[in-house]
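Structure, as structure tokens:
Positions are given from 1, in the same order as the sequence printed here.
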Amino acid sequence: MKSGEADWYDIESLKPQHHALAEGLNGLYRPQSTKNKLQIPEQFGQGYWERIKVSSAIEITVCEMYFHDNVEMRSSEQKGSFKWSYCLGAPIEWQVRTSKRDYRLNHGELSVFGHQPADCIGIYQAGIPYYGITVKADPHLFEPVRNLSSLAGRQEPFQTHIATPLMQQIFLEMLRCSFEDRLKRIYLEGKVMELTAVYMHEALGKPAVRAALSRTDVDSLFRAKEILDHDLLAAPGIQELSMRVCLNEYKLKKGFKELFGMPVHAYLIDSRLKAAHRLLEDGSITVTAAAVMTGFSNPSFFAEKFRQKYGSAPSRYFGRA
């Protein structure tokens, strides 16, 4: 990437010209930018853009805004990343300048792009509430996804389709994340990996949820998973969890394994191990501290499970910083 080149997009204000928002967005999107949030000046409207650097390969932006006057901005999309955008507010409209083709992302729809370069004009209407989340990933990390999308989209730089219930749930869980700092990055990276698996699974035409599970059951199971994800240290037992999500224990156990691929307890252990592995990767925390911080009270049990999952003892990570 050239010095000064935008990490996400190059932005230019077309209407009105030289809009301060475009300059702010260019600053936000620069590779070495220390900014993580851009507030819209009150004279132009209300809202914000927030950039979350999850890892060296994954970033997320969330935008929520409306403008007092119509705004048009040109954005240059490079062929250097892979992105998912999910619309939670008013429809977003844009045009690809080279092909003169118009695109529209409606509420509840998902756009997949980045596998081809594109020069676009985005159109934002005055007084309309816009709200969305975009995930950007390194194309080498998600090579199978990129190849599948390129094949499915042929020469189209943008693929727009209705987000499935599972995809919608993942995006909402990202937005609702209450963790901070390192734990937030761990959680969001896991969600992006989950989104990748679901996208690949459903793009290949395979049903993500069996018909035996009703929509109400699925919603309850996702609530159960969200409770576990947000409380690794003191996760509730099966009986309490079933009461909190209004499912009997049998349905909770059977449905959770069917939907997420492992039993509740195994999922909790796996999630704790992933969190501990991420903490230990920095090399600045002891094995005992990593175990305690992620909910393991027995160091020997933690070491055994860690070795089973990652093929090496957790102690090999300590002191590498």
Is there a donor-acceptor contact under 3.5 Å from the side chain of [X] to the main chain of [Y]?
X: Asp119; Y: Arg97; answer: no
X: Gln168; Y: Ala163; answer: yes
X: Ser220; Y: Val245; answer: yes
X: His68; Y: Glu42; answer: yes
X: Asn298; Y: Phe301; answer: yes
X: Glu93; Y: Leu105; answer: no
X: Arg51; Y: Leu28; answer: yes
X: Glu226; Y: Arg223; answer: no

Assess whether side chain to side chain contact (heavy atoms under 4.5 Å, CB included) is satisfied between Tyr130 and Glu64, documenting all intermediate values. CA-CA 6 Å; Tyr130 296 99; Glu64 186 172 9; over 6 Å; no
Hey, are the side chains of [X] and [Y] touching, using non-hydrogen atoms and a 4.5 Å cut-off?
X: Val112; Y: Lys83; result: no
X: Leu252; Y: Ile238; result: yes
X: Tyr103; Y: Gln95; result: no
X: Tyr48; Y: Val62; result: yes
X: Phe158; Y: Trp94; result: yes
X: Glu12; Y: Met73; result: no
X: Tyr131; Y: His107; result: no
X: Lys184; Y: Val54; result: no

Take Gln46 and Ile40 through the side chain to side chain contact (heavy atoms under 4.5 Å, CB included) test and state the conclusion after the steps. CA-CA 6 Å; Gln46 291 186 5; Ile40 297 175; over 6 Å; no
Shared hydrophobic cluster, [X] / [Y] (ILVMFWY, side-chain heavy atoms < 4.5 Å):
X: Phe179; Y: Val292; answer: no
X: Val192; Y: Ile52; answer: yes
X: Tyr267; Y: Leu233; answer: no
X: Ile123; Y: Phe44; answer: no
X: Ile269; Y: Val287; answer: yes

Return the orientation label for the [X] and [Y] ring planes: parallel under 30°, perpendicular over 60°, tilted otherwise.
X: Trp84; Y: Tyr199; value: perpendicular
X: Phe67; Y: Tyr124; value: perpendicular
X: Phe296; Y: Phe302; value: tilted

Note: Lys35-Glu50 ion pair, threshold 4.0 Å (strictly below):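 Looking at Glu50 together with Lys35, the answer is no, because their closest N to O distance does not fall below 4.0 Å.
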Side-chain ion pair, Lys191 and Asp229, N-O less than 4.0 Å: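 Asp229 and Lys191: salt-bridged.
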On the ring face of [Y], is [X] found with NZ or CZ under 6.0 Å from the centre and within 45° of the axis?
X: Arg185; Y: Tyr187; result: no
X: Lys37; Y: Trp49; result: no
X: Lys274; Y: Phe306; result: no

Neighbour count >12 (heavy atoms, 6.0 Å) for atom [atom1], [X]:
X: Gln125; atom1: CD; result: yes
X: Gln43; atom1: CD; result: yes
X: Gln308; atom1: CD; result: yes

Return the set of residues passing side-chain contact (heavy atoms from CB on, under 4.5 Å) with Pro263 (not counting sequence neighbours), or none when no residue passes.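 Partners of Pro263 under the side-chain contact (heavy atoms from CB on, under 4.5 Å) test: Lys257, Ala266.
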Evaluate the criterion side chain to side chain contact (heavy atoms under 4.5 Å, CB included) for residue pair Glu240 and Met243; output intermediate values, then yes/no. CA-CA 5 Å; Glu240 180 184 345; Met243 293 176 63; 5.8 Å; no
Shortest non-hydrogen contact from [X] to [Y]?
X: Leu25; Y: Ile11; answer: CB-CG1, 4.1 Å
X: Asn70; Y: Ala126; answer: OD1-N, 2.8 Å
X: Ala313; Y: Arg307; answer: CB-NH2, 3.9 Å
X: Gly132; Y: Leu88; answer: CA-CD1, 3.9 Å
X: Val96; Y: Pro157; answer: CG2-CG, 4.2 Å
X: Leu279; Y: Ile285; answer: O-CG2, 3.4 Å

To the nearest 0.5 Å, what is the distance between [atom1] ([X]) and [atom2] ([Y])?
X: Cys63; Y: Met65; atom1: SG; atom2: CE; result: 4.5 Å
X: Leu188; Y: Met174; atom1: CG; atom2: CE; result: 6.5 Å
X: Lys53; Y: Lys136; atom1: NZ; atom2: NZ; result: 9.5 Å
X: Trp8; Y: Ser75; atom1: CH2; atom2: OG; result: 12.5 Å
X: Gln169; Y: Leu166; atom1: CD; atom2: CG; result: 8.0 Å
X: Asn26; Y: Leu38; atom1: CG; atom2: CG; result: 10.5 Å

Would Leu221 and Lys251 satisfy side chain to side chain contact (heavy atoms under 4.5 Å, CB included), going step by step from the backbone distance to the final call? CA-CA 9 Å; Leu221 290 167; Lys251 270 196 171 183; over 6 Å; no
